[in-house]
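In what follows, a structure is listed as structure tokens, so that the remarks can point back to it.
Heavy atoms only: backbone and side chains are in, while hydrogens, waters and symmetry mates are out. Order of the sequence lines fixes the chain letters, A, B, ..., with proteins taken first and strands second; residue numbering starts at 1 for each chain.
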2 protein chains.
Amino acid sequence: MEKVTIATVAERAGVSRQTVSNVINTPEVVRAETRERVRAAITSLGYRVNQAARQMRTGRSRLIAVRIESGSDGINGSVLDRFLHGLTDAATLAGYRVMLYTAADDADEIATYDDLLTAHDLDGFVLTSTHHGDPRTSWLAARDVPFVTFGRPWGAPDTHSWVDVDNDAGTLAATKHLLKAGHRRIGFLGWPRGSGVGDARRTGWAAAMTAAGLDVTGLSVAVIDGVDSGAEAAGRFPDDLTAVVCASDSLALGALRALPGRAVIGFDDTAVAHAIGLTSVSQPLAEAAARCMHLLTELLDGRAPATSTQLLLPPSLVVRQTA
Amino acid sequence: MEKVTIATVAERAGVSRQTVSNVINTPEVVRAETRERVRAAITSLGYRVNQAARQMRTGRSRLIAVRIESGSDGINGSVLDRFLHGLTDAATLAGYRVMLYTAADDADEIATYDDLLTAHDLDGFVLTSTHHGDPRTSWLAARDVPFVTFGRPWGAPDTHSWVDVDNDAGTLAATKHLLKAGHRRIGFLGWPRGSGVGDARRTGWAAAMTAAGLDVTGLSVAVIDGVDSGAEAAGRFPDDLTAVVCASDSLALGALRALPGRAVIGFDDTAVAHAIGLTSVSQPLAEAAARCMHLLTELLDGRAPATSTQLLLPPSLVVRQTA
DNA sequence: CGGCATCATTGGATCGATCAAGTTGCGGAT
DNA sequence: ATCCGCAACTTGATCGATCCAATGATGCCG
């Protein structure tokens, strides 16, 4: 198992180092015959490019970074994990590898960017959990670091590429499903106003109700996410309510407990929903991850479109026993 | 934002490159006064070591790799995700970064090792999901690649360091808890024989029953993991059964459905257990991850103990409504 | 006061790839 | 016959760190 470098291959194939490099990076400039000879040498020796050496010369590492959330391992934490799985697969296919990092808050995360960029020459980032006034995107944009966000830039202009799931459409479809089943008094159990995602999910429900000519007064309840808080809040709905659309599976679980017999639909289609037969809105996470990676590689390989791209993916309703 | 290299720092501090390198890597050989001057220059310039350059010279990357499971996003998939979170935290603390990869099977995974080692100079691996006749450990050992497994080497001798959770102790504690509550006819709902983990979990239950002088004949049922399969299998228990210890939360969920009113205890303390109030055995995943990282850094920094280390961590019982 | 060991620091070579500039060979136009 | 252009390939320099051998400074002793 001697060390196999580009020089070893060159010697074996009877050419210079540069020609081997050309075969690898710009095959079209090498004569077909020579190219094959070099390729044969590469495979017979089991040669692989040393990324560190390449990186030092080119300044590119073929590495992208994603944050993995530290705590928050509740019911909903798994959503980001599923996204991460999809991203790792997509990155591998595109010839990139994924590096993980954790960060306590936005400032900490920005400090980590700095470290990853200077120490490891990271090529790009995929950000999750975007929110109002997010300082991360502007920091990266100011330094011309390629990045894509999973989640739209709430409140900010669309200056970068992003992929998001159409939350409105999700609750809209869920509400329509309930309307079709004959429900008229349908409540919405969501989060306090201010989170873009939560507000969008409420909007979809309201739109479906209004379109059906129904009054929504007193049918919307807001509470911090959680099973217990959801159960408590669900008690505040009017007695004649027959169905509830929820902003998360946690809340839906609470609603199920507080309002037995009523129709309930959750959001995110987590393992819990699957396990207990909860109807839920499912986000196409694997596809979202693949799209993010695709947009990012476009940026990285320089064939980026002149303008940034925004993608809104439709979620789907997974109908189970609870609705 | 000019590029800051070791030469920039050297110039600013009025010393040579090598002295700066010494301050970073072997501070004790530099005179205190010089050391401080160099350190001041480093911070004022915001200098950070270029890992690619360091790596090329030293052959070490300060990178470790962990496999992320592709599919299997059921209830139990989250266990490995939680381990991954813990590992990322621990690695960051130890000055390492985590790189992800996926693999379809053991052979594919070994091919990935080869690629990661030659292309990225990975320093070490943390393996999960060890099993009987695992070819990965011997491949790595044959090449002197540092690695630690989360999961013992089932059936093979303890030639490498590993961390595992004491599965026997988990079901033993669960069963004792039920015995204390007055139950006498306690069943075990587990997986088919052959998986080390599953067999160990059955052993713990059997040991507690035998110690209490109880007969276990006909009280053990084996089935492939899943909620539905668990529910179906739970129907095969004798009618006088009052409690069930399960090898997973999925099975426990099935048991709860098939045997309403009976006491049920699951395993892994997943989000589902938390959400529906299922009593479950909880694995100390964050601690396991930290221990793995600790063992691995010992190997990497050359201060490895002469013999390999094995750690068996005790799980804990999280008592909720179902038992 | 010269000799010599010890400590602190320096300068050149090196890791393995790519970049930039140069060389060779060959056909076609002048 | 000479020159030009182009394709195909080669050579030396370079990225930013660390290794290694050598140098200068300092102190101690006979």
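Taking 4.0 Å as the cutoff to heavy atoms of chain B, we find the contact window on DNA chain D bounded by D:dG16 to D:dC20.
At a cut-off of 3.5 Å, with distance as the only test, no side-chain donor of A:H120 or B:N50 sits close to an acceptor on the other residue. In this structure, a donor-acceptor pair under 3.5 Å is present between the side chains of B:S308 and B:Q310.
Comparing the end axes of the helix from C:dC1-D:dG30 to C:dT30-D:dA1, each fitted to five base pairs by superposing C1' atoms of four pairs onto the next four, gives an inter-axis angle of 70° (nearest 10 degrees).
Of all the residues in residues 7-19 of chain A, A:R17, A:Q18 reach under 4.0 Å from DNA chain C with at least one non-hydrogen atom. At a non-hydrogen distance threshold of 4.0 Å, A:Y47, A:R48, A:V49, A:N50, A:A53, A:R54 from residues 44-54 of chain A come into contact with DNA chain C. Across residues 22-43 of chain A, A:N25 each have a non-hydrogen atom less than 4.0 Å from an atom of DNA chain C (numbered order).
The side-chain heavy atoms of A:S21 and A:I6, taken from C-beta on, include a pair separated by under 4.5 Å. Within the 4.5 Å cutoff, the side chain of B:D121 has no heavy atoms near those of the B:R60 side chain.
Ring geometry for A:W154 versus A:H132: interplanar angle of 30 to 60°, hence tilted.
Nearest heavy-atom pair across B:L313 and B:P284 is CB-CG, 4.0 Å. Smallest separation of non-hydrogen atoms from B:V38 and B:V15: CG2-CG2, 4.0 Å.
The ring-ring contact (aromatic ring centres under 6.0 Å, His included) search around B:F83 returns B:F150, not counting sequence neighbours.
A salt bridge does not link B:E33 to B:R37: none of the charged nitrogens lies less than 4.0 Å from a carboxylate oxygen.
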